[in-house]
Amino acid sequence: MSRIYNFSAGPSMLPMEVLNRAAAEMTDYEGSGMSVMEMSHRSKVYQSIIDDAEARLRRIMGIPENYDVLFLQGGASLQFAMVPMNLLKTSADYVVSGEFSGKAYKEACKYGSICLAATGEANHFTKIPAQSELSLTPGADYLHICQNNTIYGTTWHYIPETASPIVADMSSCILSEPVDVSRYGLIYAGAQKNMAPAGLTVVIIRHDLISEPMSFTPTMMTYAVHAKAKSMYNTPPCYQIYILKLVLEWLENLGGLTAMQKLNREKAALLYDYLDGSSFFRPIADPDSRSMMNVTFQSPSAELDDAFVKAAAAAGFSNLKGHRLVGHMRASIYNAMPREGVEKLVAFMRDFEKANA
Ligand SMILES: *Cc1c(COP(=O)(O)O)cnc(C)c1O
């Protein structure tokens with residue numbers, strides 16, 4: 001068996017330990033005589049899996065007692081609608097710092113009065129707006145941000161000051177570093193970047209923000225329903241939650257989010273230091289807004305970009321092509337990407353630079 005280094009932006013790599021453990025438990029989970037895929041979600045054995053996943057997530061992220069943890073479906077994209085349907089009463093502020101926050105903004109506009117607090121469009125989303133550039137509405141129901149912009153490779157390195165609860169899309173950075181959950185009203189994330197396979201969305205919501213949604217809100221899109229039923233209103237994405245549990249075990253064994261952050265910083269520094277020193281490749285994101293998870297860069301020409309992506313794939317470094325909207329290259333180096341993968345990629349880039357400069 002041979003594994004490649006998969007730099008995909010999502011779905012993306014899972015830790016080898018997790019995959020091996022899932023394989024070992026595939027047909028008989030802890031003597032139950034069945035796979036987790038075959039279990040009733042109402043069974044005792046499954047209840048212990050989902051309880052363990054929630055307890056570990058709470059412990060690892062330091063989620064305060066007054067927050068509910070919901071295991072939902074529909075991807076991060078369904079949250080673009082669920083958030084306004086449940087939280088919007090008068091008006092809300094949105095920062096558009098990339099593609100997904102743009103989608104969230106457009107979706108929210110269908111449901112009420114939405115103010116654009118800032119947009120990074122003028123600088124092609126290479127930069128996160130500064131606090132002084134945010135026009136915030138007094139009394140807004142919430143401020144929506146996308147914490148890490150997966151496509152453009154930028155991230156918020158500060159939490160905006162606002163009297164409104166902050167709603168953050170953390171799909172591509174959750175579990176990558178410690179976060180002060182109490183500074184947020186709601187955090188949501190699609191699982192397929194740093195948590196589990198696609199099909200699970202984690203929502204962390206401050207309990208007092210759960211209220212009567214807009215009258216036309218489907219039952220399945222009502223936070224109160226899922227919170228009351230402890231994510232068991234209907235069949236939850238059982239297997240994804242089980243993999244999340246394994247990923248959280250792996251993270252805890254590694255030393256939790258502080259240890260993970262240290263490793264992620266080292267991995268990102270390997271790439272950015274090389275890019276900053278290269279006269280061939282060039283980093284795209286503004287230095288003050290650089291993402292630790294998605295590193296965007298380019299070569300001197302579109303032809304060389306193509307040649308690089310092809311040569312890299314042939315050498316076992318896959319999915320380095322940037323998002324179709326921006327082109328160039330992107331190396332997504334989520335938690336499960338080993339340091340060795342980044343070291344080898346940088347060595348490959350050095351060789352490519354030498355051969356093509
Ligand atoms: C991947 C991603 C999304 C879209 O997630 P889906 O689960 O496909 O809906 C939204 N926001 C961010 C920041 C992402 O990285």
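First listed ligand is number 1; within each ligand, the first listed atom is number 1. Side chains included, hydrogens not; waters and symmetry mates left out as well; all remaining heavy atoms used. Keep in mind that what you see is a predicted model, and the values were worked out from it rather than measured.
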Which pairs count as ring-ring contact (aromatic ring centres under 6.0 Å, His included) when at least one residue sits in residues 86-116, sequence neighbours excluded? Y94-Y142, Y94-H144
Kindly state each residue pair satisfying salt bridge (charged side-chain N to carboxylate O under 4.0 Å, His left out) with at least one member in residues 99-125, sequence neighbours excluded. E107-K110
Pairs of nitrogen or oxygen atoms, one from ligand 1 and one from the protein, closer than 3.5 Å: please tabulate them with distances.
from: ligand 1; atom 1: 7 (O); to: A76; atom 2: N; distance (Å): 3.1
from: ligand 1; atom 1: 7 (O); to: Q192; atom 2: NE2; distance (Å): 2.9
from: ligand 1; atom 1: 8 (O); to: Q192; atom 2: NE2; distance (Å): 3.4
from: ligand 1; atom 1: 9 (O); to: A76; atom 2: N; distance (Å): 3.2
from: ligand 1; atom 1: 9 (O); to: S77; atom 2: N; distance (Å): 2.8
from: ligand 1; atom 1: 9 (O); to: S77; atom 2: OG; distance (Å): 2.6
from: ligand 1; atom 1: 11 (N); to: D169; atom 2: OD2; distance (Å): 2.6
from: ligand 1; atom 1: 15 (O); to: T150; atom 2: OG1; distance (Å): 2.5
from: ligand 1; atom 1: 15 (O); to: K193; atom 2: NZ; distance (Å): 2.7

Between D52 and S48, is there a donor-acceptor pair closer than 3.5 Å when you use the side chain of the first and the backbone of the second? no
Pick out which of F281, F317, F280 makes a ring-ring contact (aromatic ring centres under 6.0 Å, His included) with F308. F281
When clusters are formed from ILVMFWY side-chain contacts under 4.5 Å, directly or step by step, what else is grouped with M220? V225, Y233
For Y184 together with Y67, are the ring centres under 6.0 Å from each other? no
